[in-house]
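Working notes for the structure below.
The chain is numbered in sequence order, starting from 1.
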Amino acid sequence: MGYPDRPGWLRYIQRTSHSDGVLYGSPTAEHVGKATIIEITAYNRRTFETARHNLVINIMSTEEYPLPYQAEFFIKNMNVEEMLASEVLGDFLGAVKNVWQPERLNAINITSALDRGGRVPLPINNLKEGVYVMVGADVQFSSCLREVENPHNQLRCSQEMEPVISCDKKFRAQFDIDWCKINLVDITKVVMIHSNRPDPGTGVLPDIGEYNPPSESLKSRDFFADFLITLAVPSAVAMVLFTILGYSMCCRREGVDKRNMQTPDIQLVHHSSIQKSTKELRSMSKNREISWPLSTLPVFSQSGEVVPPIHPDNYETTSMPLMQTQTNLQNQIQIPQQQPSGDRDNYCMSTFRRLEVNGIPEERKVAEALNL
């Protein structure tokens, strides 16, 4: 009451809208003597009828606390609201008392595993989130509880294996305890560290009056020196570097004449001839028209029969035919050719035809002379 939320030590849990809500927690010594009023408001979802109730919690000190020896158990098969039931908590304290054998034994704190950073379990196989239960006693820890501290069990815990505890069978019937997470604390050996904290204030800044701006009688500031440092100096350095670079690139060049004087004459002649031939080939390639590759030219036999080309001649590539027909040939030259018989004095005539390809004369030999 009078605050936006519950006290820090008090928790509330309600699984479903139809299940019981549970308030639980463990106050500390600083809350002793302070009455806590919890204002509970409820309404009926069907009729919207509202009810209000004040729950007063009086925190008192007791001589039994603090108990010097405290052990915290993690129970995997229980939820916090199940553990808070008086009969279940009584059964657990009875099992611990049977193992520990103390004169006084009380539950000090009960915390859900979700409040310790645990994950919400999957909704299968009736899995539980787990609950931490801390109990305190007035005698030393029993040998059964000390078994978890031996090196063999510590090694098994590091390998995520279940340690071997002799008294586990006394809990196994109802409580599944994770012995690797048990925590034994002897508060008589705990060194208390007191830190000097400053007294908290009211949270309100002190009233220092209205804002008083500076007067207009301030001296003007000269920014000329700042200008020189930020703009003039980098510009001057850039000009010096530009001058050095320009002198190196323009004034220190050897020139073409000096390079030619240091180059051997034969190398200049070779270079000139290559350059002249390149220019001539480029000029010839610009003047000629596009022609078909030699592999697609018509093939002529000795009988004069023309074999059609590979490609269809259905589009124009030049302004004049690729090859002149046989009737348009002007010159034919015949040379003798030896007969295949054994007589060396018998010769036959082989024909050379003068062809024109795109206006350029070219001689193609139809049959070569043998043994001339």
Side-chain angles (χ1 to χ4, degrees), residues 5-28 38 40 42 45 55 57 67 69-100 102 105-137 141-142 144-150 152-185:
D5 201 357
R6 301 182 307 274
W9 57 269
L10 188 62
R11 295 183 177 91
Y12 175 75
I13 188 171
Q14 185 178 14
R15 296 293 175 178
T16 64
S17 58
H18 301 285
S19 60
D20 295 336
V22 180
L23 279 170
Y24 69 100
S26 299
T28 59
I38 306 299
I40 303 173
R45 293 187 176 183
L55 176 64
I57 302 176
L67 295 173
Y69 304 100
Q70 300 174 2
E72 187 179 52
F73 299 85
F74 177 61
I75 305 172
K76 297 185 289 184
N77 63 335
M78 287 285 178
N79 288 335
V80 62
E81 66 272 17
E82 298 174 349
M83 196 66 197
L84 287 171
S86 58
E87 62 274 6
V88 178
L89 183 59
D91 294 341
F92 178 74
L93 293 178
V96 174
K97 190 172 183 179
N98 190 16
V99 172
W100 202 338
L105 181 69
N106 290 293
I108 299 176
N109 191 11
I110 299 176
T111 308
S112 173
L114 300 181
D115 297 331
R116 299 285 188 91
R119 295 183 179 181
V120 178
L122 296 175
I124 57 176
N125 299 330
N126 196 22
L127 295 178
K128 303 298 178 67
E129 63 193 31
V131 60
Y132 288 90
V133 180
M134 178 176 287
V135 297
F141 302 109
S142 63
C144 173
L145 299 179
R146 292 286 188 182
E147 290 179 1
V148 73
E149 297 179 350
N150 65 57
H152 177 70
N153 286 330
Q154 291 294 325
L155 178 62
R156 294 179 64 90
C157 289
S158 63
Q159 297 176 353
E160 297 184 356
M161 300 174 61
E162 187 176 357
V164 180
I165 306 297
S166 60
C167 58
D168 180 61
K169 58 183 179 180
K170 296 182 180 180
F171 296 91
R172 184 67 64 178
Q174 188 176 0
F175 305 100
D176 186 9
I177 297 179
D178 189 350
W179 292 98
C180 291
K181 293 184 178 180
I182 189 173
N183 187 18
L184 305 179
V185 179

Got a second to check how far [X]'s [atom1] is from [Y]'s [atom2], nearest 0.5 Å?
X    : Y    : atom1 : atom2 : answer
N109 : Q70  : CG    : CD    : 9.5 Å
W100 : L93  : CH2   : CG    : 11.0 Å
Y12  : R6   : OH    : CZ    : 9.0 Å
D178 : C157 : CG    : SG    : 7.5 Å
D115 : I110 : CG    : CD1   : 12.5 Å

- Which salt bridge (charged side-chain N to carboxylate O under 4.0 Å, His left out) pairs, counting each pair once, include a residue from residues 128-137, with sequence neighbours left out? R15-E129, E82-K128

- Query: How about Q159: does its CD atom have over 12 heavy atoms from other parts shown lying under 6.0 Å from it?
  - Reply: yes

- Is the charged tip of R116 near the ring of Y132: under 6.0 Å from the six-membered ring centre and within 45° of its axis? yes

Any heavy-atom pair between the side chains of [Y] and [X] that's under 4.5 Å?
X    : Y    : result
N153 : V164 : yes
V96  : P102 : no
S17  : R45  : yes
L23  : L55  : yes
V22  : V80  : no
I108 : S26  : no
V185 : E72  : no
I75  : F171 : no

- Passes side-chain contact (heavy atoms from CB on, under 4.5 Å), L184 versus E149? Steps please. CA-CA 10 Å; L184 305 179; E149 297 179 350; 3.6 Å; yes

Without swapping roles, check the side chain of [X] against the backbone of [Y] for a donor-acceptor pair under 3.5 Å.
X    : Y    : value
R156 : E162 : yes
N77  : D176 : yes
D91  : V88  : no
N79  : E81  : no

- Report the C-alpha separation of F175 and F73 in whole Å, then their side-chain angles, then the decisive distance to 0.1 Å, and conclude whether the ring pair (Phe, Tyr, Trp, His ring centres under 6.0 Å) test is met. CA-CA 10 Å; F175 305 100; F73 299 85; 10.0 Å; no

- Which heavy atom in A137 sits nearest to a heavy atom in L105, and how many Å separate them? CB-CD1, 4.0 Å

- Message: Once side chain to side chain donor-acceptor pair (under 3.5 Å) is applied, do any residues pair with K181, and if so which ones, sequence neighbours excluded?
- Response: none

- Query: When the ring planes of Y69 and F141 are compared, do they come out parallel, tilted or perpendicular, using 30° and 60° as the limits?
  - Reply: perpendicular

